[in-house]
Structures are given as C-alpha cells and as structure tokens.
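Accompanying notes for the structure given below.
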Amino acid sequence: MPQPYKRSRSLRRVYVKVPGGKTKLHYRKRKPGKAKCGSCGAILKGTLRERPNKMSNLPKTKKRPERPYGGNLCSKCMRILIVKRARSL
Amino acid sequence: MIEIGRLCVKTAGRDAGLKCVIVDILDNKFVLIDGETRRRKCNILHLEPLKDVIKVKKNASHEDIRKEFEKLGLKAMDTKPKQKTERPVKQNKRELKEEPKKKKADAKKPAKREKETESGIEEKIGALEEKKKPKKSAKNAKQEKK
C-alpha cells in the first residue's frame with residue numbers, strides 16, 4: 001500500500017524522465033492560485049504563478065506588469081482610479 | 001480640449017499617473033507629450049486632460065518644458081544619456097574550463113616532506129628492529145625455567 005500522502009491528491013503528480021531512462025512518478029507541491037485584482041477580482045495578466053523558491057530568483061519585471069499598481073490592480077481598475085484622481089485636481 | 005500646451009495626466013502604461021504637456025499634435029489620434037513622463041508619442045485615449053494650459057511652442061525642447069514645469073512646482077523627467085562602456089571581450093569556453101582544472105591539480109599536490117635528519121632515520125630503524133624480534137611464547141618461557 002503506498003504511503004498516505006501519496007494516496008491523497010494534495011501533491012501533484014509529475015512524470016519525470018530519470019537518468020536511467022525510465023519515466024517515474026514524482027510528487028511535487030502544488031502551485032499557488034492565480035493573482036487577482038484587488039478591486040474587481042479579475043485574474044491578473046502578466047503575473048507569474050510559481051512557488052516562492054522560484055519567484056525569489058526571478059527579477060521583478062518578470063513577476064508583474066511595470067505600471068503603477070502592477071500586480072495588485074487590473075489595468076481597467078487602475079485607469080479608473082487615476083482618472084478619478086486627475087478629475088479631483 | 002486637445003491642444004498644444006494642455007496639461008494632462010497619463011492614464012495607461014508605465015508612466016500612468018504622471019503629468020505631461022502636449023507638445024505636438026501628430027494626427028487625429030496621436031500627440032507628442034513631454035514632462036514628468038518620457039518624451040513620446042501617445043494616443044489621445046490614454047490621456048486625461050486637466051484645466052491648465054501652459055504657453056509652449058510647437059515641438060518645444062525638453063529643456064524649455066523643464067523650465068515651465070519648474071514654475072509649476074513639478075519636476076520633469078531627466079533621462080541620463082548612457083555612458084559609453086567598453087564591450088566585454090569574449091573568452092573561449094575551452095580556456096575558461098582549463099583554468100579551474102589547473103587549480104585543482106595544484107591543490108591535490110601533497111605538501112613537501114621535511115628533510116629527514118640522520119638522528120630521525122636511526123630512530124625509525126630501531127623501531128623497525130624491535131618489531132621484527134619474535135616475542136617469547138608461553139611454552140618457551142616454561143622450558144627456560146626448567
């Protein structure tokens with residue numbers, strides 16, 4: 001009987017080709033959920049979905065769009081916010 | 001609303017939220033902007049015009065606009081020209097690989113032994129001879145006693 005953690009689906013299954021030439025089943029941790037807009041909840045584009053160990057080794061520019069509120073708000077919500085501010089000036 | 005000298009706020013892209021001035025009108029869709037943003041071509045739809053209008057000539061230089069912005073208490077973007085740097089010379093991969101090997105070979109070399117003195121050699125010979133001497137067994141000891 002396989003170990004209990006291998007029986008559940010909390011870990012994802014990845015087929016890996018090992019150096020011996022065989023394909024083996026490896027168990028890896030699941031990726032985090034997709035980043036969402038802080039105001040409307042839409043899925044953000046241009047954001048990565050990786051585990052922290054990989055994210056820490058990547059440059060900032062690869063992780064979120066390079067505009068104000070990039071990675072927190074979607075482009076539509078950001079524009080609404082900026083226009084609202086500009087009109088209040 | 002869209003005219004030369006009109007202050008605007010950019011609402012899209014990397015310069016979003018920054019103030020700029022329309023310097024030139026290129027066609028019915030695009031204008032040339034400068035100010036807190038980079039000096040660049042911009043779609044009218046990506047600008048939010050403000051109430052103020054500055055006296056600026058058509059195609060005014062970046063320095064003129066900087067002076068006008070300073071009067072308003074704003075700071076125009078300063079782009080530093082890139083300094084010329086020498087291109088790095090590419091090294092052959094083989095040469096790079098060979099260098100660390102040499103270092104390894106040097107590290108493995110055992111440290112030179114100190115020169116053995118004559119007294120040291122004599123001590124070693126004495127110790128070897130003692131080892132070679134057969135130990136007296138229990139039977140031999142009894143026979144000697146008799």
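Naming: A, B, ... by sequence-line order, numbering from 1 per chain. Heavy atoms only: backbone and side chains are in, while hydrogens, waters and symmetry mates are out.
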State whether the number of non-hydrogen atoms from other residues, nucleotides or ligands found under 6.0 Å of [X] atom [atom1] is greater than 12.
X        : atom1 : answer
Glu3(B)  : CD    : yes
Tyr69(A) : OH    : no
Arg49(A) : CZ    : yes

Using non-hydrogen atoms and a 4.5 Å limit, figure out which bit of Arg85(A) sits close to chain B: side chain, backbone, both or neither. neither
Partner of Thr11(B) under side-chain contact (heavy atoms from CB on, under 4.5 Å), picked from Leu81(A), Ile80(A), Val83(A), is Val83(A)
Is there a path of hydrophobic side-chain contacts, each under 4.5 Å between heavy atoms, that joins [X] and [Y]?
X        : Y        : answer
Leu47(B) : Val23(B) : no
Val56(B) : Val9(B)  : yes
Met1(B)  : Ile44(B) : no
Leu25(A) : Tyr5(A)  : yes

If I compare all heavy atoms of [X] with all of [Y], which pair ends up nearest, and what's the gap?
X        : Y        : answer
Leu89(A) : Lys51(B) : O-NZ, 4.0 Å
Ala86(A) : Leu50(B) : O-CD2, 3.6 Å
Ile82(A) : Ala16(B) : CD1-CB, 3.7 Å
Pro68(A) : Gly13(B) : CD-O, 3.7 Å

Could you tell me which portion of Lys10(B) (side chain, backbone, both or neither) has an atom closer than 4.5 angstrom to a non-hydrogen atom of chain A? backbone
Looking at CD of Glu48(B) and CZ of Arg79(A), how far apart are the two atoms once the value is rounded to the nearest 0.5 Å?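 Here the rounded value is 10.5 Å.
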Value for CD (Glu66(A)) from CZ (Arg14(B)), rounded to nearest 0.5 Å, stands at 6.0 Å
